[in-house]
Amino acid sequence: MSNNPAAALARIDAGSLSDIFDDRPGRVQNPVMQCVQIKPIAPQPGGQERHRVIFNDTKNYIQTMLAVHQNHLVEEKILRRGVLVQLVGYSANKVKAKRILIVTEIKVLEEFGEHEKLGDPKPLELKVEDEKPFPTAITSNGFYGNKQEQPKQSRPMPTHAKPSSAATAHANIYPIEAISPYSNKWTIKARCTSKSDIKTWNNRNGEGKLFSVNLLDESGEIRATGFNDQCDQLYGLFQEGSVYYISSPCRVTFAKKQFSNLANDYELHFERDTMVEKAEEQDGVPQVRYSFTAIADLPSVAKDTTIDVIGVLKDIGETSQITSKTTSKPYDKRELTLVDNTGYSVRLTVWGKTAASFDVPPGSVVAFKGVKVSDFGGRSLSLLSSGSVAANPDMPEAHKLKGWYDEQGRSGNFATHANVQGTVTGAGGSRPDPFKTISQVKEEQLGMSDNPDYFSVKASIQYIKQDNFCYPSCLSEGCNKKVVEIDPGQWRCERCDKNHPKPEYRYIMSVNIGDHTGQLWVSCFDETGRTIIGMSADELMEIKEVDEKRLADILSEANCKIWNWRCRAKLDNFQEQQRVRYQVTSVGPLNYVAESQKLIDLIKQYNID
Ligand SMILES: [Zn+2]
């Protein structure tokens, strides 16, 4: 073990902290720093002890949070004040203007010994672009109901509410944006912008219930959920549109973004002692915050994006009941038609209680927050359970639309986004084509009901059956019937009542495809076969006749390639047995850029550091 400070100093990657936060290309990937302080943080009730560690790169120092699974390094005194460490896993976060490094894995470099603070480190300087005025722009349109400019603040946490009678009891009002698992005692003052129905679950781990609210203040939004007892206690207290004080203790966790339409990285889980109190004065907290997309602009919005939309209600469909394929539970559904002054109309579906109780008259202006864009029918919209509806909201966009509609919109014609490029149209127009994994296709029993189901799946070819990969078909135009060789050079089509000197071979292949969840046999017709084999069935038959081995090679060369398959699942009667057949309607290559983006978005939802 060396106790040579010069060697330690030389090993430290000076300046790497600022490189990490500015994400400089060429930065050291696993930088070495010195640990200059370790402090335990009092655990949240029911939580584990955590450690705040200060690291020094000789130019800067920074406060970091050590992941709980690294606690043993502190307990075993391997991580000590003065030692050198290499950061193996870490993520850089900016919470408002504050920089926090979360350290998930470190390696202690014992061989360099322990030293007094090396170099002359300064706190990591904040750069000008970090000092954004409060609030930071999450939505481009600003927000409705609170237009006044906020003063520039370089140290915004915690801020204090304007003095008022109720606020004195809540001295330490935090902006929502400052809430993190590392904030201790806090109160937020926020408007409940949406409240879910109570949802119940029942699985092998037991049963329970929950509800969620979206909370909004000047700085941002956060989702909060109450489970079981907290669901009973708090569900009745929350009203959409009202303002509440909410105080810790309250659990702050990483947001499960797949269940939320909010941008916050965290969410709240109410605890037994969480204080929720309706505010006396309801002003000073913004109403719902919107960032509208015009209906004409929808084709440029990617499928599955969550947006806000405002329009005039042109038409309201009847309430219908459908059964969820995923949960087997019935729920209400209602289709609305919205128009705006861009001259386009769009269909928007509302669900559940919102559908059943929807009583806004046609001609009203309606603002929707949190709708999902789908490519069904070109472009259509679906209100998320975390979304909200406001009829005739008092806001400039609404007044403008109302004026336009009364003057000219009422008698206008509207274009739709049906059949824009990128959608596949079949006999009955475009179809819903949800993306499924193979296990979902089976679990959701697609194709088992009276009507066929359509889906797309991303899968690779595992195996192509070599026998009967094609059939001889009629040469007449538009007739693909199977022909029979009645004499050499005499291929007869019963349908056309005609003999042809030779047939045209067409693919009818059984292909086994697989993804990470399972395998599926699908049948491919001629067009799909040409795409995945790279030649016509006629050409392949010629090869077969001279060299069977070469045929096997060509079929196996097609294996392991990944395609996007669009399929139809349908119940089939075969020899008095019913079974589902999966027929490929089209196949296309992967768009790797789009697929990567989709995966990046998906991975982000899991908050893996
Ligand atoms: Zn024919």
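All values derive from a computational prediction rather than experimental measurement. Note that ligands are numbered from 1 as they come in the structure, with each ligand's atoms numbered from 1 the same way.
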Go around the Zn ion (ligand 1) and count every protein N, O or S atom nearer than 2.8 Å.
4
Determine, for E335 against R347, whether the closest basic-nitrogen to carboxylate-oxygen distance falls under 4.0 angstrom.
yes
Short N-O contact, E397 and K400, less than 4.0 angstrom
no
Salt bridge (Lys or Arg N to Asp or Glu O under 4.0 Å) partners of D304, counting only residues at least two apart:
K372
Does anything in residues 350-365 form a side-chain hydrogen bond (donor to acceptor under 3.5 Å, both in side chains)? List the pairs, not counting sequence neighbours.
W351-S382
Show every salt bridge (charged side-chain N to carboxylate O under 4.0 Å, His left out) that has at least one partner inside residues 509-520, sequence neighbours left out.
none
Is the ring pair Y507/F469 parallel, tilted or perpendicular, if the boundaries are 30 and 60 degrees?
tilted
